[in-house]
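Notes for the one structure printed next.
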Amino acid sequence: MHNLKLIRENLDDFKNKISKRNTKVDFDKLIQLDKKHREIIGNKEKLEQQKKIISKSQDKKQFEKSKNISNEINQLIIEEKKIGKKISQILDVIPNIGLDDVPVGSDEKSNKIINLTGEIPKFSFKVQSHYEIGKKKGLLDFDLASKTTGARFVFLKGKLAELERAISNFMLDVHTKEFGYEEVSPPLIASENTMYGTGQLPKFENDQFQIQMEGNQKKYLIPTAEVILTNMFKENTLNIKNLPKRLVASTPCFRKEAGSYGKDTKGMLRQHQFYKVELVSIVEPNKCNEELNRMISCAEEILKRLKLPYRQVLLCTGDMGFSAEKTIDLEVWIPSENKFREISSCSSCGQFQSRRMRAKYKDSKNKSDFLGTLNGSGLAIGRTLIAIMENYQKSDGTITIPEALRGYMKNLDKI
């Protein structure tokens, strides 16, 4: 969320920066509402002062006047709340502003490739997709998932299910034992307020799986562990001595993929339910860029140890997530598609989410300010599994298990 005072004081600059986020905002309406809102507050404060003076005088003749003033104050309070709600409805859907080094563009075509790591494999046989390999081995079953649940779900069986678990455990061990992240096993259901805090609501409600609850309560299956991990600090004030906070969780994630109808319908690339190891950092705001680079290096290390070819991509203003001020994706090579696909997205959100969550810290001078928040995949487990199946496939139909994972699979070297 943005500071309305800063918008008011730097309106032209703010309009320009938001226009680069490929979104339209009625700033004229916002400024008009803000002006009216402040006038109401000013009038209310004047009336409250008058009432205070009358109360102190204890003049019974002024009783009727005091009563009328109270009625006027109550009417202004109603109007203040009404206009305040309209202001929030506009502010709540304004995305974060991109940092100066973020490329300007409307979609992924304007993203900037930073580097490529690893060798793209060459095959002497016809490459098979992960779903062809899995189906032939009887280890991937999309038809059964359609019967039990519906489209965009899958059953993983036998050694492939074991490999999925091994990938998760491997990532958690590296991130906790080597990179200092604290492992968390969080709830998989979030409240409406929690989803609002990280920016999933209200703008992206159609992408979320809502749970039927008694009464008017709204609960949601988490689209990513970022939501629940970041909100661990909402409505809280941390001491600077306790920063940074680095958390990691391996959880199922649930997304409707409402805006991706017809995309990646084959295989496991775009599922309604998928597993992901998520990294979250809570830092001083001026440490966000430094922490983003650290987080990216942690996610990269997983790909390096699995010996999977990948590239870094700096996302443009129109392709970043709603809450992000800067995002770098890691894209892994998928042989059957002959292209790179996202496997991790690491973002700095600055103070955007912490304002929504009212999450603060106190510095060494005991001054309060909003925290800096970051999140990233370390990595998406399903897509890691896909990349291993395809990059490590052999002509005889077997899949070589990367050396880094063999200790997690009783030293099995192939499936």
Side-chain angles (χ1 to χ4, degrees), residues 121 127-149 152-178 181 183-186 188 222 224-225 248-254 266-279 298-299 301-310 332-336 341 343-344 377-415:
V127 171
Q128 294 186 84
S129 66
H130 68 281
Y131 50 88
E132 289 172 324
I133 298 168
K135 275 188 173 183
K136 284 181 181 178
K137 289 184 171 295
L139 301 178
L140 276 181
D141 199 327
F142 296 96
D143 295 333
L144 182 58
S146 293
K147 287 180 183 178
T148 61
T149 313
R152 294 201 174 182
F153 291 90
V154 66
F155 277 93
L156 268 64
K157 301 176 182 178
K159 292 300 177 184
L160 209 55
E162 189 177 338
L163 180 57
E164 180 186 55
R165 176 160 49 90
I167 292 167
S168 175
N169 289 338
F170 163 66
M171 291 180 187
L172 286 173
D173 280 350
V174 172
H175 292 311
T176 55
K177 295 175 183 178
E178 298 185 38
Y181 285 87
E183 184 175 354
V184 178
S185 179
L188 302 180
I222 59 169
T224 164
V248 61
S250 179
T251 69
C253 304
F254 307 89
K266 277 191 173 183
M268 292 170 53
L269 269 166
R270 200 179 294 273
Q271 298 273 283
H272 289 312
Q273 175 187 311
F274 57 96
Y275 291 86
K276 183 154 63 86
V277 170
E278 185 74 1
L279 308 173
C298 293
E301 187 61 27
I302 300 296
L303 289 164
K304 287 176 181 177
R305 294 192 190 188
L306 294 175
K307 297 179 180 178
L308 292 169
Y310 71 94
V332 72
W333 180 252
I334 304 296
S336 67
R341 298 298 294 257
I343 195 167
S344 173
S377 318
L379 310 160
I381 296 169
R383 293 196 174 195
T384 305
L385 180 63
I386 290 169
I388 289 171
M389 290 174 71
E390 295 202 11
N391 284 279
Y392 280 87
Q393 63 180 293
K394 298 299 178 184
S395 58
D396 62 359
T398 60
I399 306 162
T400 301
I401 296 171
E403 289 182 18
L405 297 176
R406 292 177 189 176
Y408 294 86
M409 295 195 69
K410 304 181 183 71
N411 294 316
L412 190 72
D413 61 357
K414 66 180 179 181
I415 295 174

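Nearest heavy atom pair, residue L405 against residue A166, reads CD2-O, 4.0 Å. Nearest approach of F170 to R305, heavy atoms of both residues: CZ-CB, 3.9 Å. The nearest pair of heavy atoms linking S250 to I381 is OG-CD1, 3.6 Å. Annotation for L379 and A299: closest pair CD2-O, 3.6 Å, computed over non-hydrogen atoms. Across all non-hydrogen atoms, the minimal contact from P335 to V127 is CB-CG1, 3.8 Å. Pairing each heavy atom of E183 with each of T176, the nearest pair is CB-CG2, 3.9 Å.
With rounding to the nearest 0.5 angstrom, the CG atom of L303 is 6.5 Å from the OG1 atom of T384. The CD1 atom of I388 sits 14.5 Å away from atom CZ of R383, with the distance rounded to the nearest 0.5 Å. Here the straight-line distance linking atom NZ of K414 with atom CD1 of I399 works out to 11.5 Å at 0.5 Å rounding. Atom CD1 of I222 is separated from atom CZ of F254 by 7.5 Å, given to the nearest 0.5 angstrom. With rounding to the nearest 0.5 angstrom, the OG1 atom of T400 is 12.5 Å from the CE atom of M389. If you take CG on L279 and OG on S344, they are separated by 7.5 Å, rounding to the nearest 0.5 Å.
Side-chain N or O atoms of S336 include none that pairs as donor or acceptor with a backbone N or O of Q128 at under 3.5 Å. Distance alone, capped at 3.5 Å, places no donor-acceptor pair between the T398 side chain and the K394 backbone. When atom types are taken as modelled, the side chain of T149 and the backbone of S146 share no donor-acceptor pair closer than 3.5 angstrom. When atom types are taken as modelled, the side chain of N391 and the backbone of W333 share a donor-acceptor pair closer than 3.5 angstrom. Looking only at distances, a side-chain donor or acceptor of E390 sits under 3.5 Å from a matching main-chain atom of H130.
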Task: Full working for side chain to side chain contact (heavy atoms under 4.5 Å, CB included) between L160 and K137 - done: CA-CA 10 Å; L160 209 55; K137 289 184 171 295; over 6 Å; no

Task: Audit row: M268, F142, side chain to side chain contact (heavy atoms under 4.5 Å, CB included) steps and yes/no - done: CA-CA 9 Å; M268 292 170 53; F142 296 96; 3.8 Å; yes

- [ ] Assess whether side chain to side chain contact (heavy atoms under 4.5 Å, CB included) is satisfied between T251 and E278, documenting all intermediate values.
- [x] CA-CA 8 Å; T251 69; E278 185 74 1; over 6 Å; no

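A heavy-atom distance below 4.5 Å is not found between the side chains of I302 and V277. Looking at R341 and I386, their side chains never come closer than 4.5 Å, going by heavy atoms from C-beta outward. Residues F155 and T148 form a side-chain contact, since some pair of their non-hydrogen atoms from C-beta on lies under 4.5 Å apart. For the pair Y408 and R165, the minimum side-chain heavy-atom distance is 4.5 Å or more. The closest side-chain heavy-atom distance from I167 to Y275 is not below 4.5 Å.
Between K136 and E132, no side-chain nitrogen of the basic residue sits less than 4.0 Å from a carboxylate oxygen of the acidic one, so the salt-bridge criterion is not met. Classification of E162 and K159 as a salt-bridged pair holds, one side-chain N sitting under 4.0 Å from a carboxylate O.
In this pair, Y181 and H175 present their aromatic rings perpendicular. The plane angle is above 60°, beyond the 30 to 60° band.
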